[in-house]
Amino acid sequence: MNLFAEIKTVVLEAVARLAAEGVLPGEPATSEIMAGITVEPPRDASHGDMATNAAMVLARPAGVRPRDLAEKLAPLLEADDRIAEVTVAGPGFINLRLAPALWHGVIGAVLAEGADFGRSKMGAGQRVNIEFVSANPTGPLHVGHTRGAVFGDALASLLDFAGYRVSREYYINDGGAQVDVLARSAFERYREAHGLNPEIAEGLYPGDYLVPVGEALKAEFGDTLLDQPEDAWLEKVRDFATAMMMDLIRADLKALGVVMDVFYSEKSLYGSGRIEATLADLEARGLIYQGVLEPPKGRLPEDWEPRPQTLFKSTEYGDDVDRPIRKADGAWTYFAPDIAYHKDKIDRGFDLLIDVWGADHGGYVKRMKAVVAALSDNRVPLDIKLCQLVKLYKDGEPFKMSKRAGVFVTLREVVDEVGADVTRFVMLTRKNDAPLDFDFVKVLEQSRDNPVWYVQYAHARIRSLMLRAGEAGLETGDSTLASAALAGLIDDAELGLMRKLAEFPRLVETAATHHEPHRVAFYLYDLASEFHSWWNRGQDQPALRMIRDDDPGLSRARLALARAVQVVISAGLGILGVTPINEMK
RNA sequence: GGCCCCGUAGCUCAGCAGGAUAGAGCGGCCGCCUCCUAAGCGGCAGGUCACAGGUUCGAAUCCUGUCGGGGUCGCCA
């Protein structure tokens with residue numbers, strides 16, 4: 001149920017009737033113009049429950065004045081039972097006040113639909129591939145990855161809720177030089193496991209998370225690799241260590257509540273002919289050539305020298321320069337397998353691709369979009385969401401990470417310290433492209449400026465309320481509450497809360513179209529705020545208390561509203577992957 | 001220098017598909033617990049939405065330019 005969509009159809013029908021009666025002269029409104037018609041909550045609640053800009057949008061093509069058109073639309077709208085009052089305001093807004101019963105109906109819808117309230121068919125079953133995390137398999141996930149993991153996972157849930165068929169995917173960078181470095185690093189730990197002194201040379205991974213890998217290598221291979229030249233052991237050790245790192249990463253993700261549908265190996269592309277075939281495809285379109293790039297503008301790198309190389313003509317699709325796909329030594333750049341990988345996603349039939357990257361990869365957005373546009377003949381959109389840095393604090397003090405010493409704050413440490421639910425919610429309290437401050441102390445604080453706690457508190461309060469109601473002899477089952485007579489809910493706080501609940505389905509759709517799960521978190525904060533406010537009105541005015549010993553009917557109505565709030569909080573948290581709590585500790 | 005992101009209250013940030021008098025939290029000041037969780041609520045103060053143009057009936061929102069902050073810039077991923 002989406003009340004805004006429902007009322008919008010009323011508006012559109014009224015417009016159609018005017019058109020049929022010839023009241024809309026001039027050119028017939030195009031579908032583009034019609035799409036500009038909105039039905040929204042007005043910014044100022046005193047204007048009414050909903051406002052539509054229909055008259056202002058249609059006035060120009062019709063060649064009439066907005067207010068005149070609004071005056072003609074008004075009586076048609078007022079004729080509908082669901083609309084109690086229509087006023088024309090400002091430059092031509094039509095403000096609608098809905099019949100209270102309509103708001104009351106929201107409560108019924110929430111209680112009937114439960115966790116599915118707000119679920120949308122917007123996506124129409126389109127298939128979406130969301131690739132996220134995709135960290136190099138060379139060590140445990142750290143905080144930066146955590147943000148991407150939470151964002152991608154919540155976005156996936158959001159799109160699923162909005163009616164898309166979603167696949168969560170992780171691209172394993174197991175084909176490049178970094179996994180050879182991993183192998184060499186692990187080999188030193190293998191030597192260490194045999195009682196030898198490891199030589200962690202500059203450029204190797206020093207972290208002691210490789211110590212168990214060394215032990216495991218010893219268990220697997222005994223001492224058979226010890227005196228062998230690198231050629232003999234590199235591949236074995238690399239595959240072994242990569243597999244162990246992926247186990248580690250999978251476990252880290254699981255601790256955060258993230259489960260991937262697909263792990264896609266970069267290495268699997270090598271030797272399969274897929275890279276060559278994809279590049280041949282591009283070549284057939286005239287998009288691959290040998291050429292010499294202009295040096296970058298401005299400050300020239302020290303070792304710059306013009307060099308002919310194999311280039312992809314990404315400028316054909318909006319990039320700034322063409323991009324190399326082979327290194328000087330003839331090996332592929334990382335871009336080449338990435339092209340093949342995205343081609344594979346297109347071939348698997350997805351209608352929409354989403355990549356979630358760290359902001360430091362921003363320079364690669366254009367070339368990736370260019371290649372997907374080229375390979376899909378502009379049919380498959382690719383949206384790339386960049387996640388900004390996470391800055392760590394401990395009670396206001398910046399928390400330094402030293403990557404060189406292999407000391408960095410891992411996903412696991414964050415989750416162990418504050419829990420997966422808190423981690424997830426906090427990671428979504430900023431837009432993805434804004435930097436995020438994460439304070440280990442403040443995220444656990446129990447105060448209003450900690451949104452996680454504040455939202456959870458509302459949920460727990462309602463739980464507590466239901467227990468109280470039960471003790472007072474009131475039935476609190478959903479079916480009982482769903483049949484409550486709601487006409488007594490007329491206080492501003494109550495109507496406001498119902499309006500807020502009615503916004504949820506619409507919010508889900510906007511958040512989904514923008515690929516912005518943080519909007520759900522902000523909505524929940526607002527909803528919680530309105531609930532706390534309502535609660536406290538009962539503190540000030542006993543007549544507004546939710547449990548009224550003298551009026552079981554009204555109590556039931558208010559409990560139904562409270563329960564509906566709880567259900568929507570729970571549904572919203574569900575999208576974010578956060579478990580609602582029932583009791584504050 | 002090129003490209004990308006950002007610039008909204010003292011601070012941290014929202015701003016819904018361009019809509020009416022721009023919002024919240026923190027900090028400051030003033031109130032509310034014999035009462036369902038005061039871990040909360042209400043109120044007051046605080047803004048040239050970086051700046052200048054443009055499109056529009058209407059711009060914090062879209063376009064161009066300037067300034068400021070961050071990221072990134074062939075053979076790392």
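Letters A, B, ... mirror the listed sequences (proteins, then strands); counts begin at 1. All figures in this text were calculated on a predicted structure; none of them were measured in a lab.
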Using a strict threshold of under 4.0 Å (side-chain N to carboxylate O), is an ion pair present between [Y] and [X]?
| X | Y | result |
| --- | --- | --- |
| A:D355 | A:K345 | yes |
| A:D68 | A:K72 | no |
| A:E503 | A:K500 | yes |
| A:R238 | A:D180 | yes |
| A:K327 | A:D329 | no |
| A:R499 | A:D49 | yes |

Could you check A:Y171 against A:M50 and say which one's nearest nucleotide on RNA chain B is further toward the 5' end?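 Its nearest nucleotide being more 5', the pick is A:M50.
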Pick the nucleotide of RNA chain B nearest each of A:Q178 and A:E40; which residue has the one closer to the 5' end?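 Nearer the 5' end of the strand: A:E40.
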Once you apply a heavy-atom cut-off of 4.0 Å, does [X] come out as touching a base, just sugar-phosphate, or nothing?
| X | answer |
| --- | --- |
| A:F335 | nothing |
| A:P324 | sugar-phosphate |
| A:E445 | nothing |
| A:N53 | base |
| A:N432 | nothing |
| A:I547 | base |
| A:A89 | base |

Record whether the side chain of A:H518 comes under 3.5 Å of the base of B:rA14 through a donor-acceptor pair of N or O atoms. no
Looking at A:R537 and B:rC41, is any side-chain donor or acceptor paired with a base atom of the opposite kind under 3.5 Å? no
I need the [atom1]-[atom2] distance between [X] and [N], as an integer number of Å.
| X | N | atom1 | atom2 | answer |
| --- | --- | --- | --- | --- |
| A:L3 | B:rC16 | CG | C1' | 17 Å |
| A:F4 | B:rA17 | CZ | P | 13 Å |
| A:F531 | B:rC36 | CZ | P | 14 Å |
| A:R65 | B:rG58 | CZ | P | 16 Å |
| A:D329 | B:rG74 | CG | P | 17 Å |
| A:I37 | B:rG58 | CD1 | C1' | 17 Å |
| A:D338 | B:rG74 | CG | C1' | 17 Å |

Counting only side-chain nitrogens and oxygens, does [X] get under 4.0 Å of the OP1 or OP2 atom of [N]?
| X | N | answer |
| --- | --- | --- |
| A:H514 | B:rA17 | yes |
| A:W535 | B:rA38 | yes |
| A:T333 | B:rG74 | no |
| A:R67 | B:rG58 | no |
| A:K385 | B:rC4 | no |
| A:S464 | B:rU37 | yes |
| A:K366 | B:rC4 | yes |

Out of [options], which has the shortest distance to the side chain of [X]?
| X | options | answer |
| --- | --- | --- |
| A:L386 | B:rU37, B:rC4, B:rA17 | B:rC4 |
| A:N136 | B:rG40, B:rA77, B:rA20 | B:rA77 |
| A:M56 | B:rG19, B:rG40, B:rC76 | B:rG19 |
| A:D360 | B:rA17, B:rG71, B:rU37 | B:rG71 |
| A:R307 | B:rC36, B:rC6, B:rC75 | B:rC75 |
| A:V57 | B:rG19, B:rA20, B:rC75 | B:rG19 |
| A:M546 | B:rA20, B:rC36, B:rG40 | B:rC36 |

Heavy-atom count check: over 12 atoms from other residues, nucleotides or ligands less than 6.0 Å from A:R463 CZ?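 No, the 6.0 Å shell around CZ holds no more than 12 heavy atoms from other groups.
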If you measure from the ring centre of A:Y457 to the centre of the six-membered ring in the base of B:rG40, is it under 5.5 Å, with the planes under 30° apart? no
Tell me whether the ring of A:H47 lies stacked over the B:rA20 base, given a 5.5 Å limit on centroids and a 30° limit on the plane angle. yes
Looking at the angle O4'-C1'-N9-C4 for a purine or O4'-C1'-N1-C2 for a pyrimidine, is B:rC33 syn or anti, with syn meaning within 90° of 0?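 Because its glycosidic torsion lies within 90° of 0, B:rC33 adopts the syn conformation.
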Between [N] and [M], how many Å separate the two [atom1] atoms, rounded to a whole number?
| N | M | atom1 | value |
| --- | --- | --- | --- |
| B:rG71 | B:rG53 | C1' | 28 Å |
| B:rA52 | B:rG43 | P | 34 Å |
| B:rC63 | B:rA17 | P | 15 Å |

For A:E397, side-chain hydrogen bond (donor to acceptor under 3.5 Å, both in side chains) partners two or more places apart: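 A:E397 satisfies side-chain hydrogen bond (donor to acceptor under 3.5 Å, both in side chains) with no residue once adjacent residues are dropped.
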Can you list the residues that meet the side-chain hydrogen bond (donor to acceptor under 3.5 Å, both in side chains) rule with A:Y457, with sequence neighbours excluded?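 Applying side-chain hydrogen bond (donor to acceptor under 3.5 Å, both in side chains) to A:Y457 gives A:R461.
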Does A:V443 offer a backbone N or O that forms a donor-acceptor pair with the side chain of A:N450 under 3.5 Å? yes
Donor-acceptor pair, distance only, cut-off 3.5 Å: does the side chain of A:N432 make one with the backbone of A:C387?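 Absent.
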Sort by first number and list every stem of RNA chain B: at least 3 consecutive Watson-Crick or G-U wobble pairs, both distances under 3.5 Å.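 Stem list for RNA chain B: B:1-7 with B:67-73, B:10-13 with B:23-26, B:28-32 with B:40-44, B:50-54 with B:62-66.
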Looking just at side-chain N and O atoms, do A:Y341 and A:E169 make a donor-acceptor pair shorter than 3.5 Å?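 Yes, because at least one side-chain N or O of A:Y341 sits under 3.5 Å from a partner of the opposite role on A:E169.
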Take A:R519 and A:E516 through the salt bridge (charged side-chain N to carboxylate O under 4.0 Å, His left out) test and state the conclusion after the steps. CA-CA 6 Å; A:R519 290 178 191 256; A:E516 290 182 344; 2.8 Å; yes
Extract from the structure each pairing of a protein N or O with an N or O of nucleotides 8-13 of chain B at less than 3.5 Å, listing the distance.
| unit_1 | atom_1 | unit_2 | atom_2 | d |
| --- | --- | --- | --- | --- |
| B:rU12 | O2' | A:R430 | NH1 | 3.3 |
| B:rC13 | O5' | A:R430 | NH1 | 3.4 |
| B:rC13 | O3' | A:R430 | NE | 3.4 |
| B:rC13 | O2' | A:R430 | NH2 | 3.3 |

Pair A:Y523, A:Y525 - check ring-ring contact (aromatic ring centres under 6.0 Å, His included), show working. CA-CA 5 Å; A:Y523 169 84; A:Y525 183 82; over 10 Å; no
Listing time: all N or O pairs from protein to nucleotides 24-34 of chain B that are below 3.5 Å?
| unit_1 | atom_1 | unit_2 | atom_2 | d |
| --- | --- | --- | --- | --- |
| B:rG25 | OP1 | A:R448 | NH1 | 3.4 |

Got a sec, which pairs hit ring-ring contact (aromatic ring centres under 6.0 Å, His included) with one end in residues 32-65 of chain A, sequence neighbours left out? none
